[in-house]
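Note that the structure is a prediction, hence the values are computed from the model and not measured.
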Amino acid sequence: MSNLAIQFHLLLFFSIPIALTTARLGKLEVRSNKNVAMFVFGDSVFDPGNNNYIDTSISGKANFPPYGETFFRYPTGRVCDGRILPDFAAAYVGLPYWRPYLDPDNHNFVVGANFGSAGGAVLVETNPYTINLEQQVFYMKKVASLLKEELGDENASELLKGAIYLSSSGGVDYMAFSSSTSDPTEAEMEAYVKIVIGNITNAVKDIYALGGRKFAFQNVGPLGCQPENKQSYNTSGCVELLQTLASMHNDVLNTVAEELASELPGFKYLIFDYFTTVMERTENPTKYGFKEGDIACCGSGTHRADGCGYLTVAYELCSNPNEYVFFDGGHPTEAANIQLTELLWNGTTNVTWPINLSQLVELDSTDVKISTENVDILIDQRVAPGRVSKANV
């Protein structure tokens with residue numbers, strides 16, 4: 001994009017309030033007049049189609065029917081029948097639905113970028129065939145450099161300072177750990193969680209060094225209760241090991257986020273309790289307007305949890321995804337994502353703490369300080385080492 005074009009987008013972004021605050025967006029509305037960018041990091045629940053542009057297996061892609069058919073009417077690469085949580089979060093602040101960062105035609109980074117990748121892990125070695133968290137942060141650094149080059153340091157700094165950094169990471173690592181580690185001890189699980197959280201902390205500090213100040217963390221969901229894992233482990237109940245790992249991760253994430261808030265000037269955050277909100281809908285779907293929380297809408301097997309859309313598999317497809325919590329074995333339907341985003345946006349402290357997304361968005365720039373005095377020291381003091389193999393546990 002040319003310098004002039006980016007400056008034009010910047011003028012629109014900073015000078016014009018978001019119009020039509022009651023404009024309908026599916027079942028949602030634009031909720032805020034605050035002009036903010038958003039940068040998204042994560043795995044399959046946040047991927048808008050980046051994996052369409054990398055060489056990975058079919059299990060890491062969703063660029064074929066019936067994915068996408070509820071809303072887009074074609075497969076976008078989202079692992080969902082329609083829109084994902086980051087789409088709705090963006091819509092709430094008047095941003096467009098996400099195009100993949102790797103889309104060669106996607107160059108308007110003034111509104112933000114989505115780096116999410118299905119199968120994208122925190123640890124580099126967990127899944128080398130997708131876009132891990134470290135690589136996603138590397139892309140973020142490239143975007144920040146481009147913004148500074150095109151907008152100037154002052155404007156880019158303001159944009160990065162006011163932006164929301166939304167992330168969902170860790171689940172891929174824990175599923176890999178559980179499948180490769182037979183009957184781990186509590187000490188082994190604690191050590192692995194520490195490694196995963198340490199690498200997430202490094203990523204956060206890298207983004208903070210770029211100017212990021214407002215972080216929205218989605219915690220790890222109820223992995224053991226997802227249809228794919230119930231089917232894989234051949235159980236009608238939840239897989240205890242996966243549930244334990246997810247809970248341990250979420251507890252440590254809470255502690256580390258509090259520590260970062262006390263350590264880093266201007267650092268603001270929220271944690272969205274994806275674990276509990278999805279678990280509640282899995283256990284009691286009718287309470288939330290669903291008919292089925294245990295079996296997926298699309299797939300094969302006892303829980304319809306495998307091979308959705310595969311030409312080589314005789315899979316089943318439900319007639320109405322809106323009646324299901326899960327579209328495939330591990331990913332919520334658009335209908336579930338609508339409910340989850342609503343809770344992220346304006347939920348009380350039992351589901352998002354210490355504030356919700358609407359409150360994080362509305363924080364004024366005077367509440368979010370930027371100081372470059374100790375950035376080099378901060379980078380040097382990241383949790384070490386940045387890459388740790390599971391063999392070192």
Exercise. Would you kindly confirm whether Met248 and Met279 end up in one hydrophobic cluster when ILVMFWY residues are joined by side chain heavy atoms under 4.5 Å apart?
Key: no
Quiz item: Does the side chain of Arg281 come within less than 4.5 Å of Gln339's, by heavy atoms?
Solution: yes
Quiz item: Is Gln231 reaching over with its side chain to a backbone N or O of Ala305, donor-acceptor style, under 3.5 angstrom?
Solution: yes
Quiz item: Between the side chain of Lys214 and the main-chain N/O of Leu360, is any donor-acceptor distance below 3.5 Å?
Solution: yes
Practice problem: Quick one: closest heavy-atom pair of Pro354 and Leu270, and the distance? | Solution: CD-CA, 4.2 Å
Quiz item: What about Phe327 and Tyr67, are their ring centers closer than 6.0 Å?
Solution: yes
Quiz item: So, Asn346 versus Ser358: side-chain donor-acceptor pair below 3.5 Å or not?
Solution: no
Exercise. Can you measure from OH (Tyr101) to CZ (Phe39) and round to the nearest 0.5 angstrom?
Key: 10.5 Å
Quiz item: When clusters are formed by joining ILVMFWY residues with side-chain heavy atoms under 4.5 Å apart, either directly or through shared neighbours, do Ile295 and Val239 land in the same one?
Solution: no
Quiz item: What distance do Leu123 atom CG and Leu133 atom CG have between them, rounded to the nearest 0.5 Å?
Solution: 9.5 Å
Quiz item: For Gly347, does its backbone N or O pair with a side-chain atom of Asn356 as donor and acceptor, under 3.5 Å?
Solution: yes
Quiz item: Is the SG of Cys318 found under 2.5 Å away from the SG of Cys298?
Solution: no
Self-check item: Shortest non-hydrogen contact from Gly116 toward Pro48
Solution: O-CD, 4.0 Å
Quiz item: For the residue pair His331 and Phe326, is the inter-centroid distance of their aromatic rings smaller than 6.0 Å?
Solution: no
Self-check item: Check: Tyr233/Glu240 side-chain N/O donor and acceptor closer than 3.5 Å
Solution: no
Quiz item: Under 3.5 Å, side chain of Thr333 to main-chain N/O of Tyr324, donor-acceptor pair present?
Solution: yes
Self-check item: Minimum heavy-atom distance between Val122 and Asp173, given as atom pair plus value
Solution: N-OD2, 2.7 Å
Quiz item: Does a salt bridge link Lys205 with Glu263, judged by any charged N lying under 4.0 Å from a carboxylate O?
Solution: yes
Quiz item: What's the verdict on side-chain contact (heavy atoms from CB on, under 4.5 Å) for Lys291 and Thr286, showing C-alpha distance, side-chain angles and the deciding distance?
Solution: CA-CA 6 Å; Lys291 290 186 177 180; Thr286 57; 5.8 Å; no
Practice problem: Output, in order, the C-alpha distance, side-chain angles, deciding distance and verdict of side-chain contact (heavy atoms from CB on, under 4.5 Å) for Thr282 and Gln226. | Solution: CA-CA 8 Å; Thr282 301; Gln226 293 176 177; over 6 Å; no
Exercise. Indicate the atoms forming the closest heavy-atom contact of Ala314 with Ser300, along with that distance.
Key: O-CB, 4.0 Å
Self-check item: Passing candidate, side-chain contact (heavy atoms from CB on, under 4.5 Å) with Trp98, options Asn50, Asp87, Thr76
Solution: Asp87
Quiz item: Roughly how far, to the nearest 0.5 Å, is CD of Glu342 from OH of Tyr92?
Solution: 4.0 Å
Quiz item: Does atom CZ of Phe138 have more than 12 heavy-atom neighbours from other groups under 6.0 Å away?
Solution: no
Quiz item: Is it the case that one hydrophobic cluster holds both Val278 and Ile84, taking links as side-chain heavy atoms less than 4.5 Å apart, direct or via other members?
Solution: no
Quiz item: Should Met175 and Glu228 count as side-chain neighbours, where that means a heavy-atom distance under 4.5 Å?
Solution: yes
Self-check item: Centroid-centroid under 6.0 Å between Phe267 and Phe215 rings
Solution: yes
Practice problem: For the pair Lys230 and Asp294, find out whether any cationic side-chain nitrogen is under 4.0 Å from an anionic carboxylate oxygen. | Solution: yes
Practice problem: Can you measure from CD (Gln136) to OG (Ser169) and round to the nearest 0.5 angstrom? | Solution: 6.5 Å
Exercise. Report whether Leu317 and Val325 are members of the same hydrophobic cluster (ILVMFWY, side-chain heavy atoms less than 4.5 Å apart, transitive linking).
Key: no
Quiz item: Say you draw a straight line from CG of Asn229 to CG of Asn234; how long is it, rounded to the nearest 0.5 Å?
Solution: 12.5 Å
Exercise. Determine yes or no for a side-chain-to-main-chain donor-acceptor pair under 3.5 angstrom, with Asp47 supplying the side chain and Ala118 the backbone.
Key: yes
Quiz item: Are any side-chain N or O atoms of Arg73 and backbone N or O atoms of Glu69, one a donor and one an acceptor, separated by less than 3.5 Å?
Solution: yes
Quiz item: Can you tell if the side chain of Phe72 reaches within under 4.5 Å of the side chain of Arg78, non-hydrogen atoms only?
Solution: yes
Quiz item: Step by step, would you call Thr70 with Arg83 a side-chain contact (heavy atoms from CB on, under 4.5 Å)?
Solution: CA-CA 8 Å; Thr70 294; Arg83 292 162 288 184; over 6 Å; no
Practice problem: Could you go through the side-chain contact (heavy atoms from CB on, under 4.5 Å) check for Gln135 and Phe115 one step at a time? | Solution: CA-CA 9 Å; Gln135 182 66 32; Phe115 310 105; over 6 Å; no
Quiz item: Does Thr181 reach the main-chain N or O of Pro184 with its side chain, forming a donor-acceptor pair under 3.5 Å?
Solution: no
Exercise. For residues Ser178 and Leu242, report the shortest heavy-atom separation together with the two atoms involved.
Key: OG-CD2, 3.3 Å
Quiz prompt | Close side-chain approach of Val313 and Asp306, heavy atoms under 4.5 Å | solution = no
Quiz prompt | same_hphob_cluster(Phe217, Phe275) at 4.5 Å side-chain heavy-atom cutoff | solution = no
Quiz item: Looking at Ala335 and Asn322, what are the two nearest heavy atoms and their distance?
Solution: CB-OD1, 3.6 Å
Exercise. Enter the distance from Asn114:CG to Asp103:CG here, rounded to the nearest 0.5 Å.
Key: 12.0 Å
Exercise. Measure from the side-chain N and O atoms of Asn132 to the backbone N and O of Ala121, and report whether any donor-acceptor pair falls under 3.5 Å.
Key: no
Quiz item: Hey, are the side chains of Leu166 and Leu85 touching, using non-hydrogen atoms and a 4.5 Å cut-off?
Solution: yes
Practice problem: Determine yes or no for a side-chain-to-main-chain donor-acceptor pair under 3.5 angstrom, with Lys61 supplying the side chain and Ile54 the backbone. | Solution: yes
Quiz item: Taking side chain as C-beta onward, heavy atoms only, is Pro332 less than 4.5 Å from Cys80?
Solution: no
Quiz item: Considering only heavy atoms from C-beta outward, does the side chain of Phe88 approach that of Glu334 to under 4.5 Å?
Solution: yes
Quiz item: Can any side-chain N or O of Arg213 pair as donor or acceptor with the backbone N or O of Tyr208 at less than 3.5 Å?
Solution: yes
Quiz prompt | Beyond-backbone contact of Phe272 with Leu357, side-chain heavy atoms, under 4.5 angstrom | solution = no
